[in-house]
Amino acid sequence: MKNEYSIRIIYIVLMGFGFPIMRYMSLYFDPLNNNAIRFLFGSLFLLLICVFKFRSILKDCLADPILISKLSLLGLLMTANMYCFMNGLRHTSALTGSIFGILAMPLGILMIALFYQDERRKIQQRTFYLGGGLAVIGSLIFVFYGNQATAGNESADFIHGAFFLATAIFIQSLQNVIVKDIATKLHVIIISTTTATIAGLIFLALAIFSGKINQLSVVSDSLLIALALSGIYGILSGMLLAFYIVQKQGVVIFNLIQLLGSVDLCL
């Protein structure tokens, strides 16, 4: 139990740094290039670990067509989630992204409760519904006043970003349902490696097809290195550690931890 609390605290701290880093990188890179570099370098780092420690498990995973289809779906959802999230941050702010993280908590918990009885038992208390309702109301108030505080093109930009963030949190809720299912069969590092690799390759293909990849040629080497390192950081904290918490402690606990992290960043 003590180790579980330590993991929760570490995740909250790392997530607190993650939002500003993603927001900063979103100012200099198109979302396709941003996510392609971040996911590919993050997955490469995890793949090196898998080759040395989980090679046999990885081979067994690749031989199971049902597991491959689930991992592929998870990779597609992760791609859509991060594209919407990075676009949302680009048009709003790290604070707004954190506020939408609060909004995601009750939605994610209610969705997982529809599919899993063990998660459903965790929310059979009035305090959950009261807290979830207050979180939703508070988030909507922030979005409304954030929109009122801007004008003209800035207002339209905020609404555009808020739409992307709302889409991202809905996709994330679906994503957690699949993670919960796969996590009973696979080590989280295998799930993270395959998901990040699929998402990275999709983003790379989209960047090449759209011609956005050419924008990387005008970016400084130091900024590219910083993006690659932020990708490794993001995959380890936002994916590997997140999947671990879902596997060991459940989606309800994970969403509550995300709520605490989002509130902490807002303060």
Side-chain angles (χ1 to χ4, degrees), residues 7 11 15 18 22 31-32 34-86 104 107-108 111-112 114-116 118-119 167-209 228 231-255 258:
I7 293 295
Y11 178 74
M15 190 175 72
M22 285 191 291
L32 294 178
N34 192 328
N35 286 313
I37 299 296
R38 290 175 66 253
F39 274 108
L40 288 176
F41 274 88
S43 64
L44 181 61
F45 180 81
L46 291 180
L47 187 59
L48 291 175
I49 299 176
C50 287
V51 168
F52 289 103
K53 292 200 66 175
F54 302 97
R55 187 181 304 175
S56 60
I57 300 177
L58 186 60
K59 287 182 179 179
D60 293 339
C61 168
L62 295 176
D64 188 334
I66 296 178
L67 210 50
I68 285 295
S69 63
K70 289 181 179 180
L71 288 169
S72 298
L73 178 58
L74 184 59
L76 289 171
L77 289 175
M78 181 65 73
T79 303
N81 177 15
M82 288 309 300
Y83 178 79
C84 291
F85 190 75
M86 294 303 293
L107 175 63
M111 187 170 292
I112 198 69
L114 293 175
F115 293 91
Y116 292 96
D118 63 320
E119 301 284 0
T167 304
I169 66 172
F170 177 75
I171 295 172
Q172 184 184 2
S173 299
L174 293 175
Q175 191 178 295
N176 285 337
V177 174
I178 299 175
V179 173
K180 170 85 173 178
D181 176 60
I182 300 176
T184 61
K185 307 175 183 68
L186 281 179
H187 194 285
V188 289
I189 197 167
I190 301 294
I191 302 174
S192 301
T193 303
T194 52
T195 303
T197 301
I198 292 170
L201 291 174
I202 292 174
F203 277 119
L204 179 62
L206 291 173
I208 294 173
F209 181 77
I232 296 174
Y233 177 90
I235 293 300
L236 292 178
S237 60
M239 185 180 290
L240 180 62
L241 196 55
F243 288 175
Y244 178 83
I245 294 172
V246 169
Q247 183 185 60
K248 299 297 183 180
Q249 303 178 36
V251 176
V252 170
I253 298 298
F254 172 68
N255 276 275
Q258 279 196 309

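Fair warning: this is a prediction, and the values are worked out from it, not measured in the lab. Heavy atoms only: backbone and side chains are in, while hydrogens, waters and symmetry mates are out.
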Side-chain contact test, heavy atoms from C-beta onward, threshold under 4.5 Å: evaluate it for [X] versus [Y] and give yes or no.
X: Ile66; Y: Lys70; value: yes
X: Phe39; Y: Met82; value: yes
X: Thr195; Y: Leu77; value: no

**Pairwise salt bridge (charged side-chain N to carboxylate O under 4.0 Å, His left out) hits with a residue in residues 192-209, at least two apart** = none

**Prompt:** Which pairs with one or both residues in residues 192-209 pass salt bridge (charged side-chain N to carboxylate O under 4.0 Å, His left out), sequence neighbours excluded?
**Reply:**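 Every pair satisfying salt bridge (charged side-chain N to carboxylate O under 4.0 Å, His left out) with a residue in residues 192-209: there are none.
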
Which pair of heavy atoms, one from [X] and one from [Y], lies closest together, and at what distance?
X: Ala80; Y: Ile171; value: CB-CD1, 3.7 Å
X: Leu201; Y: Leu40; value: N-CD2, 3.9 Å
X: Gly250; Y: Lys180; value: CA-NZ, 4.4 Å
X: Cys84; Y: Ala168; value: CB-CB, 3.9 Å
X: Ile189; Y: Cys50; value: O-SG, 4.1 Å

To the closest 0.5 Å, what do you measure between [atom1] ([X]) and [atom2] ([Y])?
X: Ile49; Y: Thr193; atom1: CD1; atom2: OG1; value: 7.5 Å
X: Lys248; Y: Ile7; atom1: NZ; atom2: CD1; value: 10.5 Å
X: Phe203; Y: Ile198; atom1: CZ; atom2: CD1; value: 12.5 Å
X: Ile202; Y: Leu76; atom1: CD1; atom2: CG; value: 4.5 Å
X: Leu71; Y: Thr194; atom1: CG; atom2: OG1; value: 4.0 Å
X: Met78; Y: Ile178; atom1: CE; atom2: CD1; value: 10.5 Å

**Message:** If the condition is side-chain hydrogen bond (donor to acceptor under 3.5 Å, both in side chains), which residues does Gln247 pass it with, not counting sequence neighbours?
**Reply:** none

**Fill in**
side-chain hydrogen bond (donor to acceptor under 3.5 Å, both in side chains) filter on Lys185, not counting sequence neighbours, yields Asp181

Identify every side-chain donor-acceptor pair in residues 236-246 under 3.5 Å, counting partners at least two apart or on other chains, and give the distances.
residue	atom	partner	partner atom	Å
Ser237	OG	Tyr233	O	2.7

**Message:** List the residues meeting ring-ring contact (aromatic ring centres under 6.0 Å, His included) with Tyr11, not counting sequence neighbours, and say none if there are none.
**Reply:** Phe254

**Message:** The criterion is ring-ring contact (aromatic ring centres under 6.0 Å, His included); which residues satisfy it with Phe54, sequence neighbours excluded?
**Reply:** His187

**Request:** Start with the C-alpha distance between Ile232 and Leu44, add both sets of side-chain angles, then the distance that settles side chain to side chain contact (heavy atoms under 4.5 Å, CB included), and finish with yes or no.
**Result:** CA-CA 9 Å; Ile232 296 174; Leu44 181 61; over 6 Å; no

**Prompt:** Do any pairs count as a side chain to side chain donor-acceptor pair (under 3.5 Å) and have a residue in residues 34-50, sequence neighbours left out, and if so which ones?
**Reply:**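 The answer is Asn35-Arg38.
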
**Message:** For residues 71-85, which residue pairs pass the side chain to side chain donor-acceptor pair (under 3.5 Å) check, not counting sequence neighbours?
**Reply:** Asn81-Gln175, Tyr83-Asn87

**Request:** Determine, stepwise, if the pair Leu46 / Thr197 fulfils side chain to side chain contact (heavy atoms under 4.5 Å, CB included).
**Result:** CA-CA 9 Å; Leu46 291 180; Thr197 301; over 6 Å; no

